[in-house]
Structure formats: structure tokens, C-alpha cells
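I have a structure here, written as C-alpha cells, and I will follow up with some questions on it.
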Amino acid sequence: MLTPEEVKALAELGSATVYEASGREGLVPLSFLRFPPGVKAAGPAFPVLCAPGDNLGAHAAMAALKPGEVLVLAQAAAEPVALVGELLATQAKAQGAAAILVDGAVRDADELAALGLPVWARWVSPKGAKRERLLGLGVPVFLGGVEVRLGDYLVLDGDGVVVVPRERAREVLQKARERAEREGRLRERFAGGELSLDLYGLRERVAEQLAQAARLREEGGHG
Amino acid sequence: MLTPEEVKALAELGSATVYEASGREGLVPLSFLRFPPGVKAAGPAFPVLCAPGDNLGAHAAMAALKPGEVLVLAQAAAEPVALVGELLATQAKAQGAAAILVDGAVRDADELAALGLPVWARWVSPKGAKRERLLGLGVPVFLGGVEVRLGDYLVLDGDGVVVVPRERAREVLQKARERAEREGRLRERFAGGELSLDLYGLRERVAEQLAQAARLREEGGHG
Amino acid sequence: MLTPEEVKALAELGSATVYEASGREGLVPLSFLRFPPGVKAAGPAFPVLCAPGDNLGAHAAMAALKPGEVLVLAQAAAEPVALVGELLATQAKAQGAAAILVDGAVRDADELAALGLPVWARWVSPKGAKRERLLGLGVPVFLGGVEVRLGDYLVLDGDGVVVVPRERAREVLQKARERAEREGRLRERFAGGELSLDLYGLRERVAEQLAQAARLREEGGHG
């Protein structure tokens with residue numbers, strides 16, 4: 001298990017860097033809204049498999065999740081029904097959740113943003129859930145085909161959501177840190193006017209197209 | 001008819017609470033953008049049935065709507081054509097409209113946000129409308145299959161749009177107020193660490209799954 | 001070619017006004033996200049035809065684009081793969097690009113917003129691109145079926161993206177300025193309570209519907 005400092009580092013590194021560091025694995029191929037704007041989060045997953053349009057599992061999870069965990073609500077079939085609103089988010093915050101990820105809708109969007117607990121959801125809708133069945137608590141779930149198990153690490157930000165298997169967490173964190181350092185150095189050089197064509201050794205590969213572009217400028221007088 | 005104070009209360013209660021208070025009826029099953037960010041509104045509807053891609057009805061509505069009303073622009077077939085831009089929104093504001101709801105696109109998005117009149121629309125596009133036909137002014141329209149008649153109340157916010165039939169407005173408002181008070185008390189208790197499983201009497205129903213989650217934690221060493 | 005002041009004027013006029021001024025031509029029929037929020041831009045296009053999911057062309061473009069140009073990245077088939085992230089945007093900013101338009105995804109969304117170089121993209125995703133092939137640099141590309149050639153002018157804002165053929169740039173700018181002045185005068189009159197029905201001479205055309213709306217109000221007692 002990662003330390004709280006390591007989890008915080010994962011969040012700061014962000015989903016794109018972590019995804020690259022893990023060998024381009026674990027990307028959840030879904031688009032999410034996030035509340036409040038600009039927020040980032042990371043943490044071990046507490047996955048729940050809800051019946052479609054039913055949030056009994058979200059209520060149950062409040063008694064089972066541990067501080068620092070990311071509550072992951074999957075539905076047996078994803079529907080734009082609000083599985084989480086202000087009252088459940090208030091509970092999750094009081095129980096110490098790091099974030100909530102919903103493969104479904106949320107409601108009370110403005111109140112969620114004001115509450116401050118980071119929430120990722122596919123849709124917003126006033127439509128309320130049933131409270132009848134719970135298919136599994138702490139069991140593995142699938143988000144857009146990607147498995148999330150109890151204790152797997154999630155990295156969530158404005159780009160999307162990435163899953164890091166718990167067995168690879170420390171290795172991926174290390175590689176992500178190395179990648180971020182490398183990118184920090186490159187960013188400075190690019191800001192100073194150097195080009196990736198040169199630093200990555202790509203210029204030869206596109207020499208013909210660079211010549212073509214120069215010709216097109218010449219012919220069009222756009223230059 | 002509701003008083004201005006009652007209409008303001010509807011807006012403050014919000015679409016999700018009003019939808020629940022009405023027995024989960026009247027939800028418009030469409031996603032809307034809103035301008036400016038964070039705004040809420042409510043009011044009696046002034047519905048207009050536009051020909052597809054034609055906003056002659058929006059121009060006509062400016063001479064017919066009353067202060068406090070929500071201008072509702074439906075199209076015989078919803079297209080991503082801008083039925084409203086800065087000039088029509090300026091007129092609607094000057095005529096005292098409470099808000100504009102467009103089952104279509106708007107344009108001048110930044111100017112709409114700056115103008116301040118609350119606007120909900122399905123899309124944004126520079127594509128302009130024709131100005132040739134008007135199918136009905138003040139007639140009932142349908143938004144995603146949900147009927148909106150002259151004088152029915154609309155509640156619009158970040159979650160979406162809910163319609164309250166004019167005959168039920170006072171009853172639904174009363175129930176929504178009761179619901180909001182109940183939720184306010186619950187919110188405080190949840191913020192203090194109490195759980196909906198206990199307050200709603202659901203714990204027994206998920207006892208087996210809670211035990212399962214504890215076993216999964218044990219086996220995985222997560223926790 | 002337009003002067004820098006004229007290009008700035010195009011950006012200020014905005015996509016909807018320029019689209020109307022060009023006779024309703026050149027509208028790119030796609031929805032874009034923009035970074036940072038609220039930004040506007042304009043400039044001559046530097047178009048690149050990327051292989052699907054491959055951003056070698058974006059790297060090559062950094063060595064070929066001129067200050068003030070809008071980098072346009074088209075894919076032979078548009079996929080939600082990130083063709084641009086913080087490092088490429090940093091290069092583009094250092095090379096003086098006016099903006100980046102991507103018919104694909106971007107990543108590092110928060111960093112792009114902080115960097116400040118205006119970016120329009122169809123999607124956000126952590127998913128990274130290949131760096132293998134480049135189909136054409138400076139060649140004409142098509143965005144949603146609309147052609148963009150080297151030196152054609154792009155106008156980008158919160159409403160979307162409009163293309164002005166380079167041959168028509170000065171004529172369209174002149175017409176857009178006239179339109180904006182006309183609309184400025186109308187806006188003042190509308191804000192003062194005058195109606196487009198009267199100023200546009202449309203009242204007669206909707207006289208029957210106005211009478212119908214008055215009758216409906218009477219019958220329903222809404223008013």
C-alpha cells in the first residue's frame with residue numbers, strides 16, 4: 001500500500017502522466033464531468049456494483065469505506081440516473097472519502113461543487129435512484145471495460161480517470177515521477193524555443209514534409 | 001398562480017427537490033448548457049412552437065410574454081441551429097423575462113453569460129436561424145416528450161429542467177419545502193457522522209454485503 | 001493578407017458575426033471544448049493532416065508555423081486520442097502560434113488552461129498519440145467537411161469555429177464590421193424596450209399568432 005504522501009503524489013502527477021508511466025494501461029475510456037472545477041484526486045478504490053438505477057449500494061458503502069478511499073459506483077448497466085446527491089456526498093465527506101467516481105449521474109450539481117469533495121460522474125440529472133438492490137460491495141467492477149478492484153489506485157483529474165493495479169502502484173509511481181521530471185526539463189527547453197523535432201530526433205523523418213510546406217508557402221505567397 | 005415570493009422559493013429549492021416533491025414527475029429528459037454558470041431560475045412558461053431552424057416565434061414572443069415568464073422555445077424537430085443570440089436575449093431581458101429555455105442552440109455564448117439573463121440551451125452554434133414561419137405562440141409544446149403549457153411552472157438549474165403543471169404548483173411547492181427542511185436536518189446529521197443506513201432503516205437489508213466487503217478486505221489485506 | 005490589427009478585429013467580432021457576414025458560409029459543424037475558458041482567437045491557418053491517432057505532424061508543425069498562425073490538426077479519421085498536451089502547447093506558444101485547433105483530443109487540460117495559449121479541441125483524454133506518420137504539412141484539410149487551406153482565416157470563440165477563405169478575408173471583415181455596428185445600434189434600442197417585430201417589419205406576419213396567444217391567456221386566466 002502507498003503512503004498518504006505517495007497517494008498525494010499520484011494525484012499531483014495526474015492521469016496522463018500516470019497512464020504513460022504504466023505503459024499506457026488502465027485508461028477508463030469514458031468522459032466524466034467533475035465537481036468542483038479544477039480538482040484532482042487519487043486513492044485506493046472501494047468499488048460497488050449497483051443494480052441499474054439503484055443506489056442502495058452507495059448507502060451501504062458509507063458504512064464500509066475507509067478514509068482516503070475513492071468510492072467507485074458502477075451500475076450493472078450504466079444509466080443517467082442520479083446515484084449520488086448532496087446528502088450522500090455529505091456522508092462520504094464525513095467518512096473521509098478521497099473522492100467519488102460514478103459511472104452514472106449525480107444531482108445537486110451546484111451543491112456538490114460547493115461541498116468540495118471531489119466527484120467525477122458521467123452525467124447530471126435530477127432523476128432519482130431506487131433503493132432496492134445491491135449487487136456487490138467491495139467486489140471488482142468494470143468501468144468502460146476496465147477492471148477496478150478493492151485497493152487498486154485511481155488517479156482522477158480534468159483529463160479523465162486511470163486505474164493502477166495495486167500490485168504495480170509503487171513501480172508506476174516511481175516511473176511517473178521520473179517521467180514528470182523529464183517532462184519538466186523538456187518544458188523549460190521548449191519554452192526557450194527548442195523543438196521536439198530536434199530533442200526527440202524526429203527531424204529527418206519529416207524532412208520531406210517540411211520541404212513540401214515551404215513550397216506550399218512559396219506558391220501561395222503566405223509567408 | 002404563485003406569488004413572486006413563491007416562484008423565487010421554487011428556484012431556490014431547485015429542480016431535483018421539486019421533481020421529488022412532485023412524485024418524480026415532469027423531468028425533461030434532455031441535457032442543457034446554462035448561461036451564466038451557476039444560475040438558477042423558475043417561472044410560469046410562455047411556450048412557443050417554432051418551425052425547425054426558424055426563430056420567427058422568438059421574435060413574436062417578445063411582444064407577447066409577460067414579466068416573470070420563462071420563454072420556452074420548442075422546435076417541431078430539434079436542430080442545433082441558434083434560435084437565440086445576444087439581440088433576442090437583450091429584448092427578453094428588457095421585457096422582464098425570468099429566463100429562456102431553448103430546445104435548440106444559442107449563439108453569442110460569452111455575451112449571453114455577460115448579459116446575465118438566465119438561458120438554458122441544448123447546444124451552442126454560430127449557425128443562424130431562418131425567420132419565416134411560426135407554428136404556435138402560447139400553445140402547448142413538448143420537450144423530450146414532456147408537455148409544457150402556458151402557465152405551467154418551470155424550475156431550471158445545474159441539474160436540468162423540471163415542469164410542474166400549473167394546477168399542482170402550490171401543492172408541489174409545499175411538499176418541496178417540507179422535503180428541503182427534512183433534508184436540511186439530515187444533512188447536518190450526516191455531516192456529523194451519522195449514516196443513512198441507520199437513519200433510513202436500511203442496514204439489515206445490506207448486512208450480508210457488509211459482511212462480504214469485510215471478508216474481501218481481510219483476504220486482500222486492504223485495510 | 002490581413003494586418004495584425006485586422007486579425008485582432010476578426011477575433012473580437014466573433015464567429016457568429018463573421019459567419020453571417022460571409023453569407024453564412026464556412027461554419028465548422030463540430031462542437032469544441034476551449035482552453036482557457038472565455039478565450040477568443042483568430043489567425044491564418046497552418047493546416048496539418050495527421051495519420052489517425054498520430055501526432056508526428058504536430059511535432060513537425062512546430063518547425064514550420066509562423067507567428068500569428070493557428071495550428072490546425074486534422075486526422076485522416078478523427079479519434080479521441082490526445083494529439084496535443086502541455087509540451088506541444090508550450091512549443092506552439094514559444095513559436096508564436098495564435099491558437100491550436102484539434103479535430104481530436106487534448107490532454108493536460110488544466111495545464112493547457114494555465115498556459116494561456118488558446119486551444120480548441122473536440123475531446124479531452126489522457127490517451128496518448130503515436131509518433132510514426134505524417135500525411136501532410138501545410139496541405140488543405142477538412143474539418144467536418146469544411147475545407148481549411150494554408151492562409152485561410154479561422155475565427156474561434158465560445159460559439160465554435162468559422163473558416164474565411166483567404167481571398168474573401170478583407171471583404172468579409174468589412175461586412176462583419178458593418179454588421180457589428182448595425183447590431184450595436186439595435187442592441188441599444190432593444191435594451192430600451194423596442195421590439196425586433198417592429199424594427200424588422202415582422203409584426204404583420206405574426207398578427208394571427210399574437211391574437212391566438214392573447215386568446216389562450218384569456219381562456220387560461222394566465223395573465
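Note that this is a predicted model, so its numbers are computed, not measured. Chain letters run A, B, ... following the sequence lines, proteins first and then strands; every chain starts at 1.
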Query raised in the report: Would a distance-only check, ignoring hydrogens and angles, find a side-chain to backbone donor-acceptor pair under 3.5 Å from A:R107 to B:S15?
Result: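 Not at all, since once roles are kept as given, no pair shorter than 3.5 Å links the two residues.
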
Query raised in the report: Given B:Q212 and A:V139, is the side chain to side chain contact (heavy atoms under 4.5 Å, CB included) satisfied, shown in steps?
Result: CA-CA 9 Å; B:Q212 179 196 36; A:V139 300; 3.7 Å; yes

Requested in this report: Kindly determine whether A:R131 and B:Y200 satisfy side chain to side chain contact (heavy atoms under 4.5 Å, CB included), including the steps that lead there.
Outcome: CA-CA 10 Å; A:R131 211 185 280 157; B:Y200 300 174; 3.4 Å; yes

Query raised in the report: Roughly how far, to the nearest 0.5 Å, is the OG1 atom of A:T90 from the CD atom of B:E194?
Result: 13.0 Å

Query raised in the report: Do you know which two heavy atoms are closest between A:G138 and B:L216, and how far apart they sit?
Result: O-CD1, 3.4 Å

Query raised in the report: Any side-chain heavy atom of A:S125 sitting closer than 4.5 Å to one from B:L27?
Result: yes

Query raised in the report: Atom CE in A:M62, atom OG in B:S196: separation rounded to 0.5 Å?
Result: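 Rounded to the nearest 0.5 Å, the CE-OG separation comes out at 7.0 Å.
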
Requested in this report: Identify which part of B:R203 has an atom lying under 4.5 Å from any heavy atom of chain A, answering side chain, backbone, both or neither.
Outcome: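 The answer is the side chain of B:R203.
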
Requested in this report: Look at atom CD of B:E204 and say whether more than 12 heavy atoms of other residues, nucleotides or ligands are closer to it than 6.0 Å.
Outcome: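 No, CD of B:E204 has 12 or fewer neighbouring heavy atoms, counting only those of other groups under 6.0 Å.
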
Report task. Determine, for A:E111 against B:R187, whether the closest basic-nitrogen to carboxylate-oxygen distance falls under 4.0 angstrom. Result ->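 Looking at A:E111 and B:R187, the cut-off is not met.
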
Query raised in the report: Out of B:D159, B:D157, B:V161, B:T17, which one racks up the most heavy-atom pairs below 4.5 Å with chain A?
Result: B:D159

Query - Whether over 12 other heavy atoms sit under 6.0 Å from B:E208 CD - result: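 No, not enclosed.
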
Query raised in the report: Which atom pair, heavy atoms only, marks the closest approach of B:L210 to A:A60?
Result: CD2-O, 3.7 Å

Requested in this report: Please report the closest heavy-atom contact between B:G193 and A:Q95, naming both atoms and the distance.
Outcome: O-NE2, 3.3 Å

Query - Region of B:E20 that comes under 4.5 Å of a non-hydrogen atom in chain A - result: side chain

Anything under 3.5 Å between a donor and an acceptor, one on a side chain of residues 29-40 of chain A, the other on a protein residue two or more places apart or in another chain? List them.
from	atom 1	to	atom 2	distance (Å)
A:R34	NH1	A:V39	O	2.7
A:R34	NH1	C:D110	OD2	3.1
A:R34	NH2	C:D110	OD1	2.5
A:R34	NH2	C:D110	OD2	3.4

Query - Most chain B-contacting option - heavy-atom pairs closer than 4.5 Å, from A:A94, A:G57, A:G85 - result: A:A94

Query raised in the report: Does CZ in A:R24 sit with more than 12 non-hydrogen atoms of other residues, nucleotides or ligands closer than 6.0 Å?
Result: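 Result for CZ/A:R24: enclosed.
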
Report task. For the pair A:K66 and B:R217, evaluate side chain to side chain contact (heavy atoms under 4.5 Å, CB included) and give the outcome as yes or no after the intermediate values. Result -> CA-CA 11 Å; A:K66 304 255 165 138; B:R217 268 197 202 281; 3.3 Å; yes

Query raised in the report: Hey, mind stepping through B:E183 and A:L87 against side chain to side chain contact (heavy atoms under 4.5 Å, CB included) and telling me if it holds?
Result: CA-CA 8 Å; B:E183 294 201 330; A:L87 290 184; 4.0 Å; yes

Query raised in the report: Got more than 12 heavy atoms from elsewhere within 6.0 Å of CD, B:E171?
Result: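 Enclosed: over 12 neighbouring heavy atoms sit under 6.0 Å from CD of B:E171.
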
Query - Interface residue of largest heavy-atom contact number with chain B, from A:V106, A:D108, A:V48, A:L135, under 4.5 Å - result: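 Heavy-atom pairs under 4.5 Å are most numerous for A:D108.
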
Requested in this report: Could you tell me whether the side chain of B:Q209 and the main chain of A:L134 form a donor-acceptor pair under 3.5 Å?
Outcome: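 Yes; at least one donor-acceptor contact below 3.5 Å.
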
Query - Note, A:K127 side chain near B:Y19 side chain (heavy atom, < 4.5 Å) - result: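 Yes, side chains in contact.
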
Requested in this report: Kindly give the heavy-atom pair with the smallest separation between A:P126 and B:A16, and that separation in Å.
Outcome: CB-CA, 3.9 Å

Query raised in the report: Of the listed residues (A:A61, A:A63, A:A105), which shares the most heavy-atom pairs with chain B below a 4.5 Å separation?
Result: A:A63

